[in-house]
Amino acid sequence: MHDIKFIRDNPKIFDKKMNIRNADISSENILKIDKKNRELISNLQIFQEERNLLSKQIGILIKDGKDATKVQESVKKLKDQISLADEKIKESENKLRDILINLPNILDDDVPTGVNENDNKVIRSWGKKPKFSFVPKDHVDLTTNDKLNFELGAKISGSRFVVIKNDLALLERALINFMLDINTIKFKREEISPPYIVNSKSLFGTGQLPKFKDDLFETDQDKWLIPTSEVPLTNIVRDEILNDFDLPLNFVAYSPCFRSEAGAAGKDTRGMIRQHQFSKIEMVSIVHPKDSDSKLEEMTNHAEHILIELNLPYRVMLLCSGDTGFSSKKTYDIEVWLPGQNSGLGQYREISSCSNCGDFQSRRMNARFRDKENKLLNFLHTLNGSCLAVGRTMIAIIENYQDQHGDIIIPEVLRPYMQNKQKINFK
RNA sequence: GGAGAGGUGGCCGAGUGGUUUAAGGCGCACGCCUGGAAAGUGUGUAGGGGUGAAAGCCUCUCGAGGGUUCGAAUCCCUCUCUCUCCGCCA
């Protein structure tokens with residue numbers, strides 16, 4: 001959410017930034033409402049002040065045993081004016097709020113302008129794409145022996161669900177433990193086991209609501225399935241005032257993630273790439289504003305580190321303006337090489353997304369810290385990133401580590417987590 | 001699910017309609033006292049908003065939202081969270 005004071009002071013910059021994001025808004029419109037809003041507030045407060053003074057007088061008069069009916073009559077008249085002014089303000093404030101809560105974050109200056117993912121910028125690449133003496137299969141063709149069972153998922157739950165069995169279930173569990181261990185032991189993140197169901201306040205805080213309601217699974221009574229554990233992790237600091245010396249907070253969590261994929265009908269229908277439910281290890285950092293830029297680099301490096309350990313080729317993309325998420329001011333996607341995609345020609349697919357949300361979420365959450373130097377309150381900066389998406393990491397391992405027999409060589413770093421097995425056989 | 005008790009400042013806690021303009025204590029900050037410290041003592045100590053160059057002035061907030069009233073922490077309604085007991089349960 002945007003600071004109305006910023007818009008007041010920098011209307012031209014604001015317009016330019018919103019224009020880059022194709023947001024249909026002008027500061028002129030916003031400031032008009034804001035001005036009217038403030039007039040109404042001043043007006044109301046004059047009435048309130050008078051009411052308070054007169055009411056106090058009534059109290060004194062009654063105490064002294066004097067007649068107060070005359071004063072009471074005049075305050076009664078004020079009452080109507082107050083409630084009328086109150087209504088007007090609510091209307092005007094809601095109008096302003098409706099606009100502000102639906103506007104995306106202001107992008108960093110180094111975010112390239114562009115329309116869609118084709119305009120994203122390659123920052124760096126790592127790893128050697130594996131060379132096969134045969135046409136590599138994708139994960140669906142490799143796992144036809146029931147270990148990845150989409151028919152069963154469809155029967156039990158519906159489309160975009162999968163039942164993972166046997167060694168692959170073990171692989172998923174191994175990856176979760178492996179990634180959590182690196183995050184906690186090596187990167188010193190605090191492990192959190194969060195709720196997988198959250199209320200709408202939390203979803204508003206991180207920016208999924210109200211605009212992206214359709215992407216979520218709603219249960220009842222204001223309870224929603226999390227689309228990512230970014231939501232519960234970031235909302236840990238909602239409505240809190242932290243001390244600057246307690247910063248940064250670095251969290252990591254495993255959770256399943258639930259997405260309705262409403263806007264993705266017909267997209268990635270094959271295989272496990274896009275499911276309604278998937279596992280993810282998520283990093284969230286809560287930092288002093290001066291540290292958020294460097295923290296984004298660090299988090300991206302941490303996500304890359306997992307891929308390096310697993311020896312999976314990847315590239316880091318800086319998302320362009322058209323592809324950057326609503327709450328983010330700058331996002332790096334990490335794309336892993338999937339050799340079985342595109343009929344064996346291979347394809348890069350997103351496996352992590354690391355975002356610096358600046359103070360955008362913390363304004364929505366009212367998450368602040370006290371600066372010891374000047375004792376002032378200020379909004380925190382929040383960041384989130386996958387480290388990594390477990391389902392897609394499984395795909396990457398299956399496709400990159402396949403051999404001529406259609407079996408999977410288990411990456412060495414995972415073997416201690418997999419009863420020291422060397423291979424997953426699909427025959 | 002049933003019954004009951006609660007939610008007041010960073011924390012504890014007083015407050016059942018009118019100078020509450022939220023007592024008192026703890027904690028914290030700064031000062032005095034002291035050779036230094038403890039003790040003692042004094043002052044200060046929430047957030048949002050409006051206005052203003054600033055100092056300041058005003059306004060809203062006692063879990064949340066409504067209502068009654070000239071006036072609500074206090075009375076009424078709805079919701080929410082916490083605790084205790086019972087039931088069920090991993």
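Predicted, not measured: the structure shown is a model, and the values here were computed from it. Computed from heavy atoms alone, side chains included, the values below leave out hydrogens, waters and symmetry copies. So you know, we letter chains A, B, ... as the sequences are listed, proteins then strands, and number each from 1.
B:A23 and B:G15: their C1' atoms are spaced 8 Å apart (whole Å). To the nearest whole angstrom, the two C1' atoms, one in B:G10 and one in B:A29, are 13 Å apart. When the P atom is compared between B:G7 and B:A14, the two are found 9 Å apart, to the nearest whole Å. B:C26 and B:U41 are spaced 9 Å apart, taking the P atom of each and rounding to whole Å. Using atom P as the reference point in both B:U16 and B:A73, the two lie 13 Å apart (nearest Å). For the P atoms, the distance from B:C28 to B:C11 is 15 Å, rounded to whole Å. B:A22 sits 8 Å from B:U8 when the C1' atoms are compared, rounded to a whole Å. For the C1' atom pair drawn from B:G47 and B:C83, the interatomic distance equals 28 Å after rounding to whole Å.
If you take CZ of A:Arg368 and C1' of B:G48, they are 8 Å apart, rounded to a whole angstrom. One interatomic measurement links the two molecules: CG of A:Asn37 to P of B:G50, which rounds to 9 Å at whole-angstrom precision. In this structure, A:Asp80 places its CG atom 10 Å from P of B:G71, rounding to the nearest Å. Note: CD1 (A:Ile60) to P (B:G18) measures 14 Å, nearest angstrom. Counting to the nearest Å, the C1' atom of B:G71 and the CD atom of A:Glu50 are 15 Å from each other. Look at CD on A:Gln48: it is 14 Å from C1' on B:G48, rounded to the nearest Å. Following rounding to the nearest Å, A:Ile41 (CD1) and B:C60 (P) show an atom-to-atom distance of 13 Å. Computed from coordinates, the A:Phe379 CZ to B:G47 P distance equals 13 Å when rounded to whole Å.
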Problem - Base versus backbone protein contacts along nucleotides 61-70 of chain B [heavy-atom cut-off under 4.0 Å; B, S, -] - result: -----S--BB

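Base pairing of B:U16 is not made with any nucleotide, judged by Watson-Crick or G-U wobble geometry with both donor-acceptor distances under 3.5 Å. Within the shown strands, nothing qualifies as a pairing partner of B:A73 under the Watson-Crick or G-U definition with both distances less than 3.5 Å. With a cut-off of 3.5 Å on both pairing distances, the Watson-Crick or G-U wobble partner of B:C26 is B:G10. Pair check for B:C88 finds none; no Watson-Crick or G-U wobble contact set falls under 3.5 Å. Using N1 to N3 plus N6-O4 or O6-N4 for Watson-Crick, or N1-O2 and O6-N3 for G-U wobble, each under 3.5 Å, B:U78 pairs with B:A64. With a cut-off of 3.5 Å on both pairing distances, B:G36 has no Watson-Crick or G-U wobble partner at all. Across every strand in view, B:G31 sits in a pair with B:U41 that passes the Watson-Crick or G-U test at under 3.5 angstrom.
Of the listed nucleotides (B:G49, B:U51, B:U59), B:U51 has the atom at the smallest distance from the side chain of A:Arg38.
Looking at A:Glu261 and A:Arg160, no side-chain N of the basic residue comes within less than 4.0 Å of a carboxylate O on the acidic one, giving no salt bridge. A salt bridge does not link A:Lys329 to A:Asp359: none of the charged nitrogens lies less than 4.0 Å from a carboxylate oxygen. A salt bridge does not link A:Glu399 with A:Lys137: none of the charged nitrogens is closer than 4.0 Å to a carboxylate oxygen. A:Arg270 has a carboxylate O that lies under 4.0 Å from a charged side-chain N of A:Asp141, or vice versa, which qualifies the two as a salt bridge.
A:Glu87 meets the side-chain contact (heavy atoms from CB on, under 4.5 Å) test with no other residue; sequence neighbours excluded.
Under 3.5 Å, the side chains of A:Lys95 and A:Asn37 contain no donor-acceptor pair of N or O atoms.
Closest-nucleotide positions on RNA chain B for A:Glu49 and A:Asn366 were compared, and the one nearer the 5' end corresponds to A:Asn366.
A parallel orientation is assigned to the rings of A:Phe187 and A:His302, their planes being inclined by less than 30° (bins at 30° and 60°).
Contact annotation: A:Arg370 does not reach the phosphate of B:G10 (side-chain N/O to OP1 or OP2, under 4.0 Å).
A centroid separation of less than 6.0 Å is found between the aromatic rings of A:Phe212 and A:Phe326.
Heavy atoms of A:Leu377 sit under 4.0 angstrom from primed sugar atoms or phosphate atoms, though from no base atom. A:Asn52 comes within 4.0 angstrom of the backbone, heavy atoms only, and of no base.
Annotation for A:Asp15 and A:Ser27: closest pair OD1-N, 2.7 Å, computed over non-hydrogen atoms.
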